[in-house]
Amino acid sequence: MAREPERGLSLIGFVLVCLKTVVSAKTAPETPTIDQAYSKISNSITVEWATVPGATSYLLRAEDGDTVIETMVASSPGTVTGLKAATLYQITIRSISATGRSQASPPKQAKTVLAAPILEVSSPSPDSILVQWEAVYMAIGFSVSIMQANGLGKIWKENTTNTSLTFSNLNAGTLYTIKAYAWNAKGIPGDDSTCNQRTIACAPGRVTIQEDPPGHLSVAWSNVDLGDYYVAFVKSDDGLEVHCNTSLTQCNFLSECGFTYFISVFAYNKAGQSPLGDVFNYTTAPCCPSDINPVLVSSDRVEIIWSPVRGAEFYETKAIAGYSVVECNDTAPACTLSALECDTKYNVTVYSFSEVQSSNMSCTSRFITTAPCSPEIKNISMDAFSTINVRWQATNDDAIYTVTAQGERGLYRCSSKGEACTMGGLPCGSVFSVTAVAETEIGRSLPSYSVPLETVPCCPAGLTITQVTQSVINVSWTFDTVAQTYVTVLESHIGQSKCHTHQSHCLLGCITCGINYTVALKAISASGLTSDCTYQTYFSSACCPLGVKLYRLGSNGIRIHWQVSRGSANYSTDLYGSKGIFTCAPRAGLSFCDVTEIPCGDVYTVMVSPVAETGLKLAFCPKKIYSVTCSGSTLGVVIYRGKSNDTASPR
């Protein structure tokens, strides 16, 4: 009993459903039947069906398992859009009227065609077009066709399984239309892509490059058909690039020495840039050295250096003076020019060379003058005052000449702008080496050949004259430098006495006593140079007295008496005995003197001597011997005994 109400409710529900179905069947339009469904475009499927009476529109439905797309159409055929390419869809359709919509039709399967290739088109050369695309899903091949966009000419069509294709033998500068599509394994074509591409113009030809003047690069080329304008690119080997945009067929660029430039020219039109033609390279002449510096300038040689310059592989240095040309070649930035003429102005140029561009002959030159020529000493003379005069041959312009005399006793110089100079104060008795040099603002010459110079011997210092005998004197001297020989001359109104010796003293005879003599000495060198040395006068010693006699004077005294031969002089008398020496000196003007308290019984040696102004008694006068006897305790007889051969020492 409890289940009766439940069964009653179920029955009522079933009855209502049936009633609803009956009512719907009477009011909704019929369900359409799909005749065919196909795809001609990769994002849509077209459906065809028979018209349903009373239907005002139709609802197309496409399902791929992931998405559902519905489209309302008015009649057959109808197309569902917004689909995926190369995808299998299940298609159904419903008819719709004012009273409702029908049931979905039985499904029909249809697959969208392949997507169109996405084309990338370019013209790598004037007669070709390159077509490229990415792979298309589910495609196993592609068809690509090309024809002129104006419809003229034939159509080229190529099938390929690749993703690129090149059409060749085309007309330059012509607009072409390219169409391409993919097909699947059943050979069904997909969507096609269409694009236009112009073949560009040819690359400019007959490119010429000139550098005139240096530093200005001119690039010219031939005219290109269908070319609207040109761009020339110039890139130096240090990476710097410049370009010129022009509608003409020439461009001018600034260039620098020692660079290699890479040059390319492109033509442009509406299709774009021409292909790359030949790339030209042009190497400018190497740079010229600009800091030429002479580091050494001599009479016959010049050393110069400079900084290395760009592009130079070696250098040629040329020095020109009139018809004289001196050259040197080297890879180093330095040169030594030798065998040059002294005191000569040379036009010196350093040229730079490279294997590619030969040389740069526009390098500027500079003048370099060599050092002066060495003078030649022609004569050296010496005057009476020992002044040296040096003469030379001058061959230089505006030179100052310096003469140097160098020896063990010093260095002496004189200078002049002429051809001679004098120097004094050279020490006597010396040997010098004399050279001359010329000097200008450029430099100094080499020294001349040396000429030996000998000064006159020195006059001896400390000349001493000693009276040896009444008629003989000894002349002696001292010296700093030794002469080869000496000549001593004593001269008076009576006559001359002379001796020649290589020693430092000399004996002169035939001297007259009591006479005033002039004393001269000549010092003579080994080469014959002579110094005339004059000294003060010499007064010869007084003459020895004559007739010396002794007389008894009183009981114990002796008088010594003599005769004066010539001139006046002071005399000193000495008596030498065994019992002593007894001396007496007369008063001025007297010719005798007395000795008192002299012992008798002795033998005496008596000498009367002139006394020199120095007080020295001359000991060369003759001596006499007297015997004095005793008479008782007083002096006895004085007896002359003769002359003595002994010479008593002067006092």
Side-chain angles (χ1 to χ4, degrees), residues 116-134 142-158 160 162-181 191-212 216-236 239-255 260-282:
I118 300 174
L119 302 181
E120 294 182 5
V121 184
S122 62
S123 179
S125 67
D127 65 345
S128 66
I129 289 179
L130 172 63
V131 185
Q132 295 175 298
W133 58 90
E134 295 182 356
F142 302 91
S143 291
V144 184
S145 61
I146 187 171
M147 65 178 295
Q148 293 186 19
N150 58 11
L152 300 178
K154 65 177 183 178
I155 299 176
W156 288 274
K157 183 176 181 180
E158 297 286 345
T160 181
N162 297 324
T163 57
S164 65
L165 190 64
T166 299
F167 291 95
S168 303
N169 300 320
L170 305 180
N171 297 327
T174 302
L175 184 63
Y176 284 87
T177 297
I178 300 96
K179 181 180 290 187
Y181 62 86
D191 290 351
D192 58 37
S193 291
T194 302
C195 64
N196 292 332
Q197 174 66 41
R198 187 182 298 275
T199 48
I200 349 201
C202 297
R206 297 200 302 273
V207 177
T208 60
I209 304 166
Q210 290 183 329
E211 188 184 14
D212 186 23
H216 295 80
L217 207 62
S218 175
V219 181
W221 54 89
S222 61
N223 188 54
V224 175
D225 292 338
L226 304 175
D228 296 333
Y229 64 96
Y230 307 90
V231 177
F233 293 89
V234 175
K235 185 175 184 178
S236 59
L240 181 64
E241 183 178 70
V242 295
H243 69 276
C244 163
N245 190 325
T246 180
S247 59
L248 304 177
T249 57
Q250 179 177 334
C251 276
N252 295 315
F253 299 90
L254 293 178
S255 60
T260 295
Y261 292 93
F262 301 93
I263 300 156
S264 56
V265 183
F266 295 89
Y268 288 81
N269 59 16
K270 294 179 180 179
Q273 174 182 290
S274 71
L276 175 65
D278 293 332
V279 177
F280 299 87
N281 62 70
Y282 181 87

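For the numbers below, each heavy atom of this structure counts, side chains included, while hydrogens, waters and symmetry mates do not. Positions are given from 1 along the sequence. Computed from a predicted model, the values in this text were never measured in an experiment.
None of Q250, E211, Q210 except one satisfies the side chain to side chain donor-acceptor pair (under 3.5 Å) rule with S218; the exception is Q250.
Heavy-atom contacts from other residues, nucleotides or ligands closer than 6.0 Å to CD of E241 number more than 12.
Distance alone, capped at 3.5 Å, is enough to place a donor-acceptor pair between the S193 side chain and the P117 backbone. No side-chain donor-acceptor contact under 3.5 Å links Y282 to the backbone of T208. S222 contributes a side-chain N or O that, together with a main-chain N or O of G205, makes up a donor-acceptor pair within less than 3.5 Å. Panel note: side chain Y230, backbone V224; a donor-acceptor pair is recorded below 3.5 Å.
One distance of note links OG1 of T177 with CD of Q197; it measures 11.0 Å at 0.5 Å rounding. Here CD of E120 is found 7.0 Å from CD of E134. Values are rounded to the nearest 0.5 Å. The CZ atom of F167 sits 8.0 Å away from atom CD1 of I178, with the distance rounded to the nearest 0.5 Å. In this structure, NE2 in H216 is found 5.5 Å from CG in L254, a value given to the nearest 0.5 Å. For the atom pair OH (Y176) and CD1 (I155), the distance works out to 12.5 Å, reported to the nearest 0.5 Å. Note that the CG atom of L175 and the CG atom of N196 stand 4.5 Å from one another [nearest 0.5 Å].
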- Message: What verdict does the side-chain contact (heavy atoms from CB on, under 4.5 Å) test give for L217 and I263, after you've listed the backbone C-alpha separation in whole Å, the side-chain angles of each residue and the deciding distance to 0.1 Å?
- Response: CA-CA 11 Å; L217 207 62; I263 300 156; 4.3 Å; yes
- Query: After noting the C-alpha distance and the side-chain angles of L119 and V144, does the key distance pass the side-chain contact (heavy atoms from CB on, under 4.5 Å) rule?
  - Reply: CA-CA 10 Å; L119 302 181; V144 184; 6.0 Å; no
- List the steps, then state whether side-chain contact (heavy atoms from CB on, under 4.5 Å) holds for L170 with W156. CA-CA 10 Å; L170 305 180; W156 288 274; 4.1 Å; yes
- Worked verdict on S168 versus T166 for side-chain contact (heavy atoms from CB on, under 4.5 Å): CA-CA 6 Å; S168 303; T166 299; 4.0 Å; yes
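The nearest pair of heavy atoms linking T174 to N171 is OG1-CB, 3.2 Å. For the pair A232 and F253, the tightest heavy-atom approach, listed with the atom from each and the gap, is O-CZ, 3.8 Å. N281 and F262 get closest at one heavy-atom pair: CB-CD2, 3.8 Å.
Separation of the Y268 and Y229 ring centroids falls under the 6.0 Å cut-off.
In this structure, the ring-ring contact (aromatic ring centres under 6.0 Å, His included) partners of F233, at least two apart in sequence or on a different chain, are H243, F266.
In this structure, the side chains of D278 and V207 stay at 4.5 Å or more apart for every pair of heavy atoms.
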